[in-house]
Amino acid sequence: MKTIWEKLYKWIDERVDLADLVEFMGKKYVPIHRHSIWYYFGGVTLFLFLIQVVSGILLLMYYKGSEDLAFESIQFIMSKVQFGWLIRSIHSWAANLFILAAVIHMFSVYFTKAYRKPREITWLTGMFMLFLGMGFGFSGYLLPWNELAFFATKVGTDIAGAVPIVGKPIMVLLRGGEDVTGATLSRMFGFHVAIFPGIFAVLLGIHLVLVQRQGMSEPIGHSESGGDLKTMPFFPNFLLRDLLLWLIVLNVLAILAVLFPWELGVKADPFASAPAGIKPEWYFLFMFQSLKYIPAEVLYIEGEILGILLFGLAFALWTMVPFWDRKSNFGQENKVVTYVGLFVVAFVIALTILGWTA
Amino acid sequence: MTESTAEKVQEERRDLLKWLLGGSLVAWIASVAYPILAYLQPPKQNEVAVQSIKAGKLSEIELDSGRIVKFGTKPVILIRTNTNELKAFTATCTHLDCTVQYSKEKGIIWCACHNGQYDLTGRNIGGPPPKPLEEFRVLIQEDEVLISKNT
Ligand code: HEM
Ligand code: FES
């Protein structure tokens, strides 16, 4: 006797031809080698994003995005709503793990030069998603309308405002006015729950279709040295391993969220002095800390502006790596790219630690 | 008509068509983008330009202390120094927009965000702030402290 599932499958298959789709999923093979572990981080990032969508939508059921109500609505979520504290703690913790996983994923792609032809578009969509992830973090940070977030947002948007020519209009656009006010909260709310998720979904779709179509890249020189390449089918073998890892990540997330519930702090007061200990989220710290070491003025340029321009240039170059690393495109090892990457990793870690302990 | 002129006429027509299509595409994009960009530009609210405010009773302000008061929509810091002088400055740090505070221990105006320091005349004396704080005038009328713009 046919099970109900088989009947359902057949019913849909008759109408939309599922066989094609199944074949599309089944054709991908994941190479097995000593760097295979890095193939898992994209999936972990995806999983954490899904958690953000679900927990974020749950928060939306009670959150109120206005100056007078935002802080109180989160207090309400945390004290009155059943499991409200847990949902909020999960959203906050997963936000951080999401960025961490995305950064690890990005560096693993960089060091294995998986961005090389023909995967330039995959790399570009990935980089834009990482920037959007930072945007998610920055905009979400203000939503509880607490003191720390209020001043961090003031500082963050003021830095954007220091960029020559375009800076001021961008700052006004972000703040919804000259100052950080309730209008800023409304805008950040809009970015966070509507604009960014919309753009992110499109990029993610392109990213995933490309990965599925092009298959996984192999490290340069791998196929020559190893002779026959060992692989494993994506579906179902790799996917099952992915799912197991997702389960582990979910457990880690639950432990963090329960044992270290996210703090709410003190409600923002635009007429109070900035408290000590204003810091951006950890993934902005390295930039924030670097700005402190640039002298107030370098060759008539304000130090802050010079720093912003240098970081902008560095991010642009990093994003464009598939287009200037010609050697990897021809399957040759490019040591320069590796050394640049190692320098960047060392720089980011060192300045993050300095910023953290400062 | 020779063949080549016919071709030429065709080509010109095609060019014209391209221009028309391209032009209307640009016009279409502009007519969609312009209202959106304009919409995002927050309207100027005519705030009542505050010229002066009452900041409380002198007898209620401790010696060697500072407080933030509302000057219209902007924060202003009012300080009673340990030499019993009253001083007021804009409280918005000239570095990156944080709100400053009075530091009793050091007898200076201090910004917690990046350790910016100003002396009690508002001059930037340490840390990243690039400019001094703007000073306000303080008047006392029968125990009432008045702060006004320094024009
Ligand atoms: C469609 C997706 C999302 C929705 C609907 C959503 C919704 C929300 C809502 C309603 C809040 C306010 C409640 C609160 O602050 O606890 C919030 C906060 C926040 N969100 Fe999201 N979010 C989404 C995705 C993300 C992503 C991808 C990130 C990744 C960085 C993120 C990071 C944050 C952060 C850091 C906060 C502040 C948490 C806090 O301090 O309470 N969100 N989000
Ligand atoms: S904002 Fe005051 S020192 Fe940076």
Side-chain angles (χ1 to χ4, degrees), chain A residues 67 147-148 150-162 167-184 186-187 190-191 195 268-280 288-289 291-297 301-305 307-308 355 358, chain B residues 36-47 50 53 55-56 65-79 89-106 108-118 124-131 133 147:
Chain A
E67 194 179 354
E147 208 173 36
L148 284 180
F150 176 76
F151 284 108
T153 304
K154 260 175 152 326
V155 171
T157 47
D158 214 66
I159 289 178
K168 192 75 198 303
I170 290 181
M171 187 187 88
V172 172
L173 187 85
L174 291 174
R175 288 184 172 181
E178 294 281 325
D179 295 309
V180 173
T181 58
T184 318
S186 298
R187 293 221 162 174
F191 285 131
I195 300 177
D269 174 1
F271 293 97
S273 302
I278 295 291
K279 261 185 209 160
F288 181 79
Q289 188 66 17
L291 288 183
K292 289 194 192 169
Y293 295 119
I294 300 176
E297 210 169 275
I301 310 175
E302 210 177 293
E304 223 101 54
I305 296 177
I308 297 165
Chain B
I36 295 180
L37 287 178
Y39 177 87
L40 289 174
Q41 207 60 39
K44 292 262 172 302
Q45 258 136 352
N46 8 325
E47 290 159 18
V50 178
I53 54 144
S65 78
R67 60 163 73 177
I68 304 286
V69 292
K70 274 190 198 184
F71 196 91
T73 58
K74 307 270 180 199
V76 160
I77 184 164
L78 173 66
I79 297 166
F89 305 93
T90 158
T92 307
C93 184
T94 56
H95 180 222
L96 294 174
D97 217 21
C98 279
T99 308
V100 296
Q101 56 185 284
Y102 177 62
S103 163
K104 220 176 194 168
E105 302 85 68
K106 299 185 208 132
I108 57 164
I109 301 171
W110 183 61
C111 178
C113 283
H114 315 97
N115 197 20
Q117 294 143 36
Y118 305 86
N124 46 322
I125 51 168
K131 278 183 285 191
L133 296 172
I147 300 178

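Numbered from 1 within each chain, the chains take letters A, B, ... in sequence-line order.
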Just how far is it from atom [atom1] of [X] to atom [atom2] of [Y], taken to the nearest 0.5 Å?
X	Y	atom1	atom2	result
B/Asn115	A/Lys292	CG	NZ	8.5 Å
B/Leu96	A/Leu291	CG	CG	8.0 Å
B/Asp97	A/Thr153	CG	OG1	11.0 Å
A/Asp269	B/Ile68	CG	CD1	9.5 Å

*Is any side-chain heavy atom of A/Val155 closer than 4.5 Å to a side-chain heavy atom of B/His114?*
yes

*asked:* If you define the side chain from C-beta out and look only at heavy atoms, does anything of A/Phe151 sit under 4.5 Å from B/Thr99?
replied: yes

*Taking A/Ala152, A/Ala276, A/Ser273, A/Gly177 one by one, which has the highest count of heavy-atom pairs under 4.5 Å against chain B?*
A/Ser273

*Which one, B/Lys70, B/Lys74, B/Gln101, B/His95, leads in non-hydrogen pairs under 4.5 Å with chain A?*
B/Lys70

*Under 4.5 Å from a heavy atom of chain B, the part of A/Pro270 involved*: backbone

*asked:* If I measure from the heavy atoms of chain B, does A/Phe288 come under 4.5 Å with its side chain, its backbone, both, or neither?
replied: side chain

*Grab the two heavy atoms, one from A/Pro275 and one from B/Ala112, that are nearest each other, plus how far apart they are.*
O-CB, 3.4 Å

*Tell me, yes or no, whether the heavy-atom count around B/Lys131 atom NZ, taken from other residues, nucleotides or ligands under 6.0 Å, exceeds 12.*
no

